[in-house]
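As the structure is a prediction and not an experimental result, all values here were calculated from the model. Below, chains carry the letters A, B, ... as their sequence lines are ordered, and counting in each starts from 1. Scope of the values below: all heavy atoms of this structure, side chains included, with no hydrogens, waters or symmetry mates.
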Number of protein chains: 2
Amino acid sequence: MGTSRSYDDACPIARALDVVGERWALLVIRELLLGPQRFSDLRRALPGASTNILTDRLRELEKHGLVRQDRLPPPAASRVYELTERGNELTPALEALGAWGAPIPAPDGRPGLSAVSMLLFLRGCLRTHPDPPTGVYCIQLDERIWTILAGESGAAVEPGDSASPDATLRTDPWTLNTLIADPTRLESAIASPAAEAGGDVASLRRLLEAASETGGGSTALRYPRR
Amino acid sequence: MGTSRSYDDACPIARALDVVGERWALLVIRELLLGPQRFSDLRRALPGASTNILTDRLRELEKHGLVRQDRLPPPAASRVYELTERGNELTPALEALGAWGAPIPAPDGRPGLSAVSMLLFLRGCLRTHPDPPTGVYCIQLDERIWTILAGESGAAVEPGDSASPDATLRTDPWTLNTLIADPTRLESAIASPAAEAGGDVASLRRLLEAASETGGGSTALRYPRR
DNA sequence: CCGCATCCGTTTCGATACTG
DNA sequence: CAGTATCGAAACGGATGCGG
């Protein structure tokens with residue numbers, strides 16, 4: 001059943017793969033890196049994974065202590081999945097894997113691109129920028145709102161909105177990717193139904209330009225090298 | 001056939017997993033991290049992988065440019081597989097995964113333990129030691145000979161023997177693991193058929209003690225944190 | 001022996017439909 | 001919304017065979 005086959009190998013790499021080596025497992029972890037997600041959020045972010053596989057992986061990751069299930073306070077009677085501390089410790093491994101995978105061309109057609117992977121990319125760009133912009137931004141992607149806290153000491157991305165953002169943006173992950181690849185398209189995107197902006201748009205544009213300078217120059221989504 | 005299913009996801013983590021995410025792929029890479037290996041070496045190192053799977057993975061890794069096949073010079077009419085530069089660049093990701101997997105208890109029974117994973121562990125211990133010993137050691141594991149070059153600037157492990165080692169050791173990966181966990185067993189191991197030593201045994205013992213101090217203290221094989 | 005191909009039983013995956 | 005049930009397709013794992 002949920003019993004995954006073991007490599008039966010004492011090497012720590014093999015032991016790690018016994019836990020997170022199955023198909024979709026690491027992408028589920030990726031989706032939880034920026035905060036809790038509901039089952040349906042994961043389903044939208046990973047459309048290639050069928051519901052039974054998603055359930056299997058979540059149960060297994062829960063069993064191994066990487067993922068925890070939480071009930072939200074009364075108003076929202078929904079459950080969310082979130083990473084435990086142990087699950088969060090996979091961050092360096094996922095970043096290293098992403099850095100290695102960055103040069104690989106994206107698959108043909110219109111590949112999927114989740115809000116989380118897009119935001120991870122944006123955060124990575126800002127963190128490696130020599131002179132990052134500062135500000136608070138609320139970005140709505142796929143019906144979910146995220147807050148970007150950009151400062152000189154680093155950049156953070158959190159789920160939920162902020163009381164007083166410098167600027168707001170509503171769009172989809174793919175459009176955001178093109179905007180980081182070419183920030184000059186911001187005005188035309190806002191003029192189209194693909195995006196909508198509010199607040200200090202000039203500040204928003206500086207955010208996109210900073211991201212563009214460190215890694216977004218190419219069309220393909222990339223994670224910056226460390 | 002060899003056509004692996006794609007995640008169809010533009011995220012670089014997903015793109016990396018499209019290449020190395022299939023079962024056994026990353027463990028094949030691990031086995032090649034210290035140098036070329038023959039098909040039969042890989043087969044011995046990964047006894048759980050059947051020959052057709054091994055062939056499939058090598059073909060696929062070759063197709064993606066991570067692995068290259070080489071013919072050895074005439075005396076040995078055998079072929080070897082080795083990592084390309086691109087394949088070698090997975091080292092940080094594998095180290096991060098190994099560091100994460102280190103706390104996971106080894107599977108029950110007598111789990112496999114390849115010479116390469118043992119030597120990767122030893123090298124990692126030496127590299128994180130604050131005051132590493134220096135010397136050249138030839139270690140024979142599972143009928144293959146490796147040279148350990150330990151110096152203040154770091155430690156290296158290479159396939160093949162050395163002209164003038166300070167000490168030599170012949171044993172199996174599991175015994176070497178126990179010797180790093182408890183170097184005081186060196187003498188009794190040499191007295192048994194499980195190990196055989198030559199040259200400066202005191203120097204060899206200092207090597208084991210250094211490894212023991214940084215990560216070998218527990219019974220389980222571990223990779224040091226960075 | 002080495003490298004690989006083929007056959008076959010079992011497990012896992014993926015798509016759809018369905019339920020609390 | 002959050003899963004469960006079902007079923008065909010693919011991948012995996014083990015054994016065997018075959019040309020160097």
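If you check distances only, the side chain of Thr51(A) does reach the base of dT4(D) with a donor-acceptor pair under 3.5 Å. Judged by distance alone with a 3.5 Å cut-off, no donor-acceptor contact links the side chain of Asn52(A) to the base of dT12(C).
For dC4(C), one of the phosphate oxygens OP1 or OP2 lies less than 4.0 angstrom from a side-chain nitrogen or oxygen of Tyr81(B). For dC4(C), the OP1/OP2 oxygens have a side-chain nitrogen or oxygen of Gln69(B) closer than 4.0 Å. Residue Arg23(B) has no polar side-chain atom (N or O) positioned under 4.0 Å from OP1 or OP2 of dT11(C). Considering only side-chain N and O atoms, Arg38(A) lies nowhere under 4.0 angstrom from the phosphate OP1 or OP2 of dG3(D). Under 4.0 angstrom from either OP1 or OP2 of dG3(C) there lies at least one side-chain N or O belonging to Ser78(B). Between Trp24(B) and dA11(D), a side-chain N or O to OP1/OP2 separation shorter than 4.0 Å is absent. For Thr55(B), no side-chain nitrogen or oxygen approaches OP1 or OP2 of dA5(C) to under 4.0 Å.
Distance, Ile53(B) CD1 to dT16(D) C1': 16 Å, rounded to whole Å. Following rounding to the nearest Å, Leu54(A) (CG) and dC13(C) (P) show an atom-to-atom distance of 12 Å. Computed from coordinates, the Arg71(B) CZ to dG20(D) P distance equals 13 Å when rounded to whole Å. Protein atom CG of Asp56(A) is 15 Å distant from nucleotide atom P of dT6(D), rounded to whole Å. The separation between Leu17(B) atom CG and dC13(C) atom P is 14 Å, rounded to whole Å. Distance Asp8(A) CG to dG14(D) P: 11 Å, rounded to the nearest Å. If you measure from atom CG of Leu46(A) to atom P of dC13(C), you get 14 Å, rounded to the nearest angstrom. One interatomic measurement links the two molecules: CD of Glu22(B) to P of dG13(D), which rounds to 11 Å at whole-angstrom precision.
Comparing atom distances between the Arg5(B) side chain and each of dA2(D), dG13(D), dA11(D) picks out dA11(D) as nearest. The side chain of Arg57(A) lies closest to dC13(C), out of dC4(C), dA2(D), dC13(C).
Residue contacts for Arg43(B): at a heavy-atom cut-off of 4.0 Å it reaches no nucleic acid atom on any strand shown. The residue Ser40(B) sits close only to the backbone: its heavy atoms come under 4.0 Å of sugar-phosphate atoms, none of a base.
Glu82(B) is not listed as a side-chain neighbour of Val67(B), based on a closest heavy-atom distance of 4.5 Å or more. Using a 4.5 Å cut-off on side-chain heavy atoms (C-beta onward), Tyr137(B) and Leu204(B) make contact.
A salt bridge does not link Lys63(B) with Glu60(B): none of the charged nitrogens is closer than 4.0 Å to a carboxylate oxygen.
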Exercise. Do Glu196(B) and Thr171(B) pass the side chain to side chain contact (heavy atoms under 4.5 Å, CB included) test, and can you show the C-alpha distance, the side-chain angles, and the key distance before you say yes or no?
Worked result: CA-CA 7 Å; Glu196(B) 183 180 348; Thr171(B) 184; over 6 Å; no
For this session: Assess whether salt bridge (Lys or Arg N to Asp or Glu O under 4.0 Å) is satisfied between Asp9(B) and Arg30(A), documenting all intermediate values.
Result: CA-CA 12 Å; Asp9(B) 190 322; Arg30(A) 178 198 76 188; 3.2 Å; yes
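Between Tyr7(A) and Trp24(B), the ring-plane angle classifies as perpendicular under the 30° and 60° cut-offs.
A residue-by-residue look at Gly48(B) and Asp41(A) shows that Asp41(A) has its nearest nucleotide of DNA chain D further toward the 5' end.
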